[in-house]
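Encoded as structure tokens, the structure appears first; notes follow it.
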Amino acid sequence: MIAYIEDIAGSEGQLVTIRGWLHNRRSSGKIHFLTVRDGSGFMQCVMSKQAVGDELFTPADHLTQESAVIVHGTVRADSRAPGGYELDVTGLEIVSEAQNYPITPKEHGVDFLMDRRHLWIRAPRQQAILRIRHEVIDAVRDYFNSRRFILADAPIFTPAACEGTTTLFPVQYFEDNIAFLTQSGQLYNEANAMALGRVYCFGPTFRAEKSKTRRHLTEFWMVEPEVAYATIDDVMHLAEGLVVSVVARVLEKRQQELKILERDQSKLARVQGPFPRISYDDAVETLKKKGLVFEWGGDFGAPDETALSEEHDQPIFVHGFPSAIKAFYMKPHPGRPEVSLSVDLLAPEGYGEIIGGGQRVDDLELLVQRIKAHDLPQEAFEWYLDLRRFGSVPHGGFGMGIERVVTWICGIDHLREAIPYPRMIYRMYP
RNA sequence: UGGGGGGUCGCCAAGCUGGUAAGGCACCUGACUGUUACUCAGGUCACGCGCAGGUUCGAAUCCUGCCCCCCCAGCCA
């Protein structure tokens with residue numbers, strides 16, 4: 001019976017076949033311990049010379065790391081085995097032998113590993129991160145789908161800047177046109193929300209900023225919900241529910257992976273909501289009290305975000321940023337136009353911003369004025385202005401960066417490990 | 001783009017007040033029936049130290065220029 005390692009607990013005493021790769025081998029002359037991985041997990045397979053005979057035992061003497069193998073054996077519970085179960089080998093087929101696998105069980109530098117990312121992802125830690133990434137994405141989809149949001153994806157080729165602030169990647173679009181890779185599905189989302197009510201888009205996003213930090217990728221995945229008739233409070237409520245639900249799901253389903261990563265789970269367990277809601281005004285005061293140099297009107301840098309979030313053990317909302325530092329479509333606070341109905345969610349433990357969003361401008365005149373003030377070409381936004389001409393309503397939403405969430409939940413120190421093949425300013429290979 | 005750190009064998013890493021390239025891993029041979037990055041014994045392994053010049057009797061080490069990477073900041077999710 002062909003089995004996957006993750007299902008092995010139910011097969012005790014049975015003869016099973018595992019198809020995978022040799023992760024590591026330890027040998028004591030008359031007994032081999034073969035750690036085999038099959039994509040679903042790792043399992044120690046025990047091969048005793050006495051039990052299998054020379055003709056099966058000897059070829060395994062020199063079996064190399066990452067050689068493809070098919071192992072037949074009997075499942076047995078054993079407290080000495082890493083996974084609680086091991087396999088008493090009765091048969092071994094070598095599918096293909098690996099030669100000089102470069103990633104040995106010893107230490108390696110980042111650059112070396114990144115050049116071999118296609119092989120590095122076979123390592124237990126990297127697998128754990130990618131499994132958690134999968135769980136995060138699955139939980140995100142479930143969250144919105146179960147609330148009857150409609151997935152309506154925004155285009156990746158776009159005709160112009162959505163916000164005009166950040167740098168975009170231009171691509172040749174047939175002979176005569178230049179398209180830009182999307183930096184946000186935001187504007188299309190708003191149109192979709194006016195059609196479908198509650199929507200979200202979920203796809204890759206591209207930013208050509210020359211950022212060289214551990215919090216930036218040039219290609220990353222973002223989920224962006226948008227809701228018609230939503231206020232800034234609704235946006236915060238939705239974001240809070242999403243984050244609580246994603247963290248709970250990973251804690252529930254990815255215990256093993258969190259253990260491999262040695263994540264302090266008690267810190268994640270505290271993420272239950274409600275999240276503190278701090279106004280930008282109060283945040284500025286807090287920073288000043290803590291001795292940081294900060295003037296009202298500026299945007300928070302990474303050290304500021306860390307200083308704010310370390311006051312709390314849950315993610316925190318900071319809302320009411322100055323209108324001047326936010327995108328043109330952010331709605332001004334009624335009666336206090338210098339402040340916008342915008343909100344960021346900062347993850348705890350110094351992980352910084354994972355969500356940014358707010359309520360959008362719903363007034364046609366104001367939006368036209370804003371587009372002019374930002375020196376954006378109005379003709380490119382006519383379709384967007386139509387949303388204010390034909391049944392405009394209050395609405396809002398946010399964007400959540402998947403890799404930033406995964407990085408935080410995994411407790412790792414760099415975004416580049418939170419995606420299978422990271423794209424950074426100096427990294428396109430493999 | 002600024003500031004800091006770094007490029008020495010397939011990998012990790014010492015040497016860097018100039019004197020002729022440690023050590024570990026991997027690999028090969030052998031021993032070991034409960035290993036957990038197994039252990040132990042032996043063996044192979046850099047005419048060269050990111051690249052190009054220069055100083056010197058002598059350069060991985062000092063000087064000049066260039067290339068690449070990492071970290072921090074800015075920008076943002």
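This structure is a prediction, so every number in the text was calculated from the model and none was measured. Naming convention: chains lettered A, B, ... in sequence-line order (proteins, then strands); numbering from 1 in each chain.
Taking 3.5 Å as the limit, the base of B:rC76 and the side chain of A:R404 contain a donor-acceptor pair of atoms between them. Residue-to-nucleotide contacts include a donor-acceptor pair under 3.5 Å from the side chain of A:R207 to the base of B:rA77.
Nucleotides B:rC76 and B:rG4, compared at atom P, are 26 Å apart to the nearest Å. Separation of the P atoms belonging to B:rU35 and B:rC49 is 45 Å when rounded to the nearest angstrom. B:rC32 and B:rC40 are spaced 9 Å apart, taking the C1' atom of each and rounding to whole Å. Between B:rC9 and B:rC51, the distance separating the two P atoms is 10 Å to the nearest Å.
When the P atom of B:rC11 is taken as reference, atom NE2 of A:H108 falls 10 Å away, rounded to whole Å. Here B:rC76 presents its C1' atom at 17 Å from CZ of A:F398, a figure rounded to the nearest Å. At whole-Å resolution of the value, NZ in A:K210 and C1' in B:rG74 are 14 Å apart. Rounded to whole angstrom, the span from the CD atom of A:E353 across to the P atom of B:rG74 amounts to 12 Å. A:L113 has its CG atom 16 Å from the P atom of B:rC69, to the nearest Å. Nucleotide B:rA77 holds its P atom 14 Å from the CD atom of A:E226, rounded to whole Å. Computed from coordinates, the A:D344 CG to B:rC76 C1' distance equals 9 Å when rounded to whole Å. Atom pair A:E66:CD and B:rA26:C1' shows a separation of 15 Å (rounding to whole Å applied).
Checking A:K49 against A:G109, the closest nucleotide of RNA chain B that is more toward the 5' end is the one next to A:G109. Nearest-nucleotide mapping onto RNA chain B: of A:Y426 and A:E305, the residue sitting toward the 5' end is A:Y426.
Of the listed nucleotides (B:rA26, B:rU33, B:rC76), B:rU33 has the atom at the smallest distance from the side chain of A:S28. Here the nucleotide nearest the side chain of A:D78, chosen from B:rC70, B:rG34, B:rA77, is B:rG34. Here B:rC75 is the nucleotide among B:rA77, B:rU35, B:rC75 with the atom lying nearest to any side-chain atom of A:D299. In this structure, of B:rU33, B:rC76, B:rU35, it is B:rU35 that holds the atom nearest to the side chain of A:E86. Nearest nucleotide to the side chain of A:H414, out of B:rC75, B:rC71, B:rC69: B:rC71. When each of B:rC76, B:rU33, B:rC71 is scored by its nearest atom to the side-chain atoms of A:S48, the top-ranked nucleotide is B:rU33.
When side chains are defined from C-beta on, A:Y200 counts as touching A:L151, because their heavy atoms get closer than 4.5 Å. A 4.5 Å side-chain heavy-atom check between A:P348 and A:P315 finds at least one atom pair inside the cut-off.
Pairing for B:rU64 is with B:rA52, a Watson-Crick or G-U wobble pair whose two hydrogen-bonding atom distances lie under 3.5 Å. The pairing partner recorded for B:rU17 is none, the criterion being a Watson-Crick or G-U wobble arrangement whose two distances lie under 3.5 angstrom. Pairing of B:rU39, defined by two Watson-Crick or G-U wobble distances under 3.5 Å, is identified with B:rA31.
Annotation: cation-pi pair A:R423/A:Y421 absent, no NZ/CZ under 6.0 Å from the ring centroid and within 45° of its normal.
One finds no salt bridge joining A:K289 and A:E311 here, because no Lys/Arg side-chain nitrogen approaches an Asp/Glu carboxylate oxygen to under 4.0 Å.
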Open item on the list: I'd like to know whether A:Q65 forms a side-chain hydrogen bond (donor to acceptor under 3.5 Å, both in side chains) with A:R122, so could you lay out the CA-CA distance, the side-chain angles of the two residues, the decisive distance to 0.1 Å, and finally the verdict.
Closed with: CA-CA 12 Å; A:Q65 193 188 350; A:R122 300 181 182 191; over 6 Å; no
- [ ] Would you sort out whether A:D61 and A:T58 count as a side-chain hydrogen bond (donor to acceptor under 3.5 Å, both in side chains), showing the intermediate values?
- [x] CA-CA 5 Å; A:D61 278 349; A:T58 310; 4.8 Å; no
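Aromatic stacking of A:F33 on B:rG34: not satisfied for centres closer than 5.5 Å together with planes under 30 degrees.
The shortest distance between the side-chain N/O atoms of A:R25 and the OP1/OP2 oxygens of B:rA37 is not below 4.0 Å.
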